Q: 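Shown below is the structure under consideration.
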Amino acid sequence: MKSENQPSPNDKEVNQFLTFELAGDSYAVEILKVQEIRGWEPVRKIPNTPGFIKGALNLRGTIVPVLDLRERFGLENVEYTPVTVVIVLSINNNDHPMVLGVIADTVSDVLDLNLADIKPAPNFGVNIDTRYMRGIYVAKQGMIMLLDVDKLLDVDDLTKIESLL
Amino acid sequence: MSIDMAQFHQVFFEESFEGLDIMESGLLNLSPGEPDSEAINSIFRAAHSIKGGSGTFGFTEISDFTHVMETLMDEMRDGRRQITQAAVNLLLGSVDCLREMLFAVKEGQAIDAERVAEHKHALDLEQQKSGSSQQDKSLSAHEPLSNQAHQSDSKVIGWHIAFSPHTDLLKTGNDPVRMFRELSVLGELEVTADFRGVPDFYQLDPEECHLSWNLVLKGDIDRAPIDEAFAWVEDDCDLAIQPLYQADDLSLLVPGAENQVSANRAQHPAAEHVVQAGVSKPAEISTPVVIKEKAPGDEAKNKGSTSIRVDTSKIDTLINMVGELVITQSMLSLIGEHFDMSKQDQLKNGLAQLERHTRELQESVMNIRMMPINSVFSRFSRLVHDLSNKLGKKIDLKLIGEHTEVDKTVVELISDPLVHLVRNSLDHGIEMPDERVAVGKPETGTVTLEAYHRGGNIVIEVSDDGKGLDKDRLRAKAIEKGLLDEDAILTDKQTFELIFMPGFSTAEQLTDISGRGVGMDVVRRNIQALGGNIEIISELGKGSTISIHLPLTLAILDGQSIAVGDETYIVPLGSIIESLHIKEERINRVADKGETFLLRSEYLPIIRMHEIFKVPNVKTTKLSEGLLVVVEGQGVRCGLFVDDLLGQQQVVIKSLEANYRRIEGVSGATILGDGSVALILDIPGLVRLANQ
């Protein structure tokens, strides 16, 4: 599983990534997975789900679950502000396309990254599971953690976590 | 330039399967002996389009096979061949075979060549029986075989053509002499005229044709050009074209001996030899009813088509509506541009118009998903035809209201439960013919399938005039199986409902048609899953009627919104019995766990919505200050404790599973007028959740 996430060294391909911030750290997701970015608006709670699932959002008639990445990663919770954004991602969950929203502090930039420059993720300990990391990119302003959204938002996985709670 | 034909495959398959359905229902409507030209024509047309389509797409096996069927039907159409039950059954079998072939091609699998060959062979045999094959039975069974064997063993050296024009042939501008001249170009032609039909000189009308001819055309000639020569007169004559083989003695073909030809041939030494060779494979002429092994439902199940055929008029209505909507929108934006209070009335009118158009638009869009229930019903003629043969019963199927329109999803999902109910009626309901006669009923039983609209529901009824349900036996059986207490008092309705209990089957012996354990309980569960219910009325000796009530559409629901804390939920209106405030003294607490309340001498459990869904900020947690909504789901009643009732509205059901997963106690979500999401409660799920 892990070896799949590591880029092969002869990968010269350049991909675009959307970077965003969570508690002062930079994260990035592949831009092709991003469907749209919208401002935070109250969502409808879904009963009996883990706390990081904030609820369901009406995305032009489609019901989309919204996740708080801070809570997901065990970071400190903050009040949502006018700059809080919801990044709507179209992911692939076991060959089943899904749309999910993730809450981030702010969206920063779009970066062109050479896939070969992506370093494998080190072990962070308990809070951030490296299974969800595609790797790390070192930019001038600091480290950017690249998320593998298909794995990060794997709903079956979330359900498993929920059953442990 | 090459065109990628694959892009049209989907359409071809859809049309072909549709064509097969037409052929099937047409064949079932054919009654032996009475050629109904319109019915045969429609079957023929369907076959012809399948042949044409498959030829175009290069599915040669299919076009070849269809060609054989088509030829046979062509002869029936022209009245050259009598319509016999055997032939109809054979064609039905071939339709099945064709459907399998199409399915195989569609799925990219190999065609079962053996099965196809078997059918084709049977068709060839049938075709070679001469038009009015009223000959001796044994002869007609052997004779075609010899022909068949001939065709593969020896070379065609010519053709014998019996041509007897109708009297008005000449008036249509056709000249036999010209046709003969055309034939003579193909090979050596011998023409013998038969004068026997010519009337007395004084009665003779010189413009009528009373002659008939026997032609022998020798040479290595294909049949096609011969057919072509007669193409213009096909409908105005009796024509029989038969191949001649090396072994055939041409002297047999004397004028007037035509109807003895086949008999003579069978006695011919050379032919006899071939007959014996052919007899070693008698299985190939087994009856077509046996060839059909698969249940007709099998293919139907796999047919979950994803596209929908819509009446053009429905689309036109839709386009009109959208046009109106655009006009209203531009009117409103004009008002909005320079708005002042003087335009308030205009604005109100505009908004009212907008509302009307939106509602109409919604209705016509929903209408697109509606399709006639006929697409389900039409399958049953075949089922009844096959099953009644198998059971040895005489059964008529009556379809009423087959043009009633239902949501596409309902049509797809109702099929299996209906098959089950109809099978039950055929197997257990209708008695054997002699039993029926003994009790003074007509020998032929009737099973009726009826569909109609009532209120916002569609009702589908399956009724039979069979023996009906025996209440005492049902009761005894339920007690025996431990499903019922011996001293239980049941109304008639409750007694009949026993058959919906799991593990209940009164069938004395299990047949492969019904009574296999998975029974009416599954049917009921399927129907309930569609949001409907099922009822049974029966009278011993007179028959039973099973009615299924289903919502017209599965996409829209009448809902009651309720408030719990800051949350809004939707309760399906159909499951609400009443809402009430309760007094403290009517509440019972059982060991600090469950709470029940007394409602008209019945204790109902209370489900506190704020607890079960962990909702904060509720108005009150005191039962006497809130509101109880009494709901019923799958036969269980309970009271939901909520803050308030908000309002009733129609809601569009959205899936929560599409992007997330199923949540226990929630059947889906919807979007409220203010754009926010509300969850729709699933009452049986809530009860399960509360019991955990």
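What you see is a predicted model; the values in this text were computed from it and never measured. Chain A is the first sequence line, chain B the second, and so forth, proteins listed ahead of strands; every chain is numbered from 1.
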Q: For a 4.5 angstrom cut-off between non-hydrogen side-chain atoms, does V615(B) reach P47(A)?
A: no
Q: Between atom CG of L656(B) and atom CD1 of I46(A), what is the distance when rounded to the nearest 0.5 Å?
A: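 Between L656(B) CG and I46(A) CD1, I get 5.0 Å after rounding to 0.5 Å.
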Q: Which atom names give the shortest non-hydrogen contact between R44(A) and D566(B), and what distance separates them?
A: NH1-O, 3.5 Å
Q: Examine whether an atom of L689(B) lies under 4.5 Å from a heavy atom of chain A, and if so say whether it belongs to the side chain, the backbone or both; otherwise answer neither.
A: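 For L689(B), the contact with chain A is made by the side chain alone.
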Q: As an exercise, state the distance from CD1 of I663(B) to CD1 of I53(A), rounded to the nearest 0.5 Å.
A: 7.5 Å
Q: Between P97(A) and chain B, with a heavy-atom cut-off of 4.5 Å, which part of the residue counts as in contact: side chain, backbone, both or neither?
A: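 Contact with chain B is through the backbone of P97(A) alone.
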Q: Looking at G675(B), is its backbone amide N or carbonyl O close enough to the side chain of N58(A) to form a donor-acceptor pair, meaning the two atoms are under 3.5 Å apart?
A: yes
Q: A side-chain contact here means heavy atoms from C-beta on lying under 4.5 Å apart; do N48(A) and K614(B) qualify?
A: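 They are in contact (side-chain heavy atoms under 4.5 Å apart), so the answer is yes.
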Q: Taking atom NZ as the centre, does K45(A) end up with more than 12 heavy-atom neighbours from other residues, nucleotides or ligands that are less than 6.0 angstrom away?
A: no
Q: What is the minimum heavy-atom distance between A56(A) and V677(B), and which atoms define it?
A: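 A56(A) and V677(B) have their closest heavy atoms at O-CG2, 3.7 Å.
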Q: Could you state the interatomic distance from CD1 (I653(B)) to CD1 (I63(A)), rounded to the nearest 0.5 Å?
A: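 The CD1 atom of I63(A) is 11.5 Å from CD1 of I653(B), to the nearest 0.5 Å.
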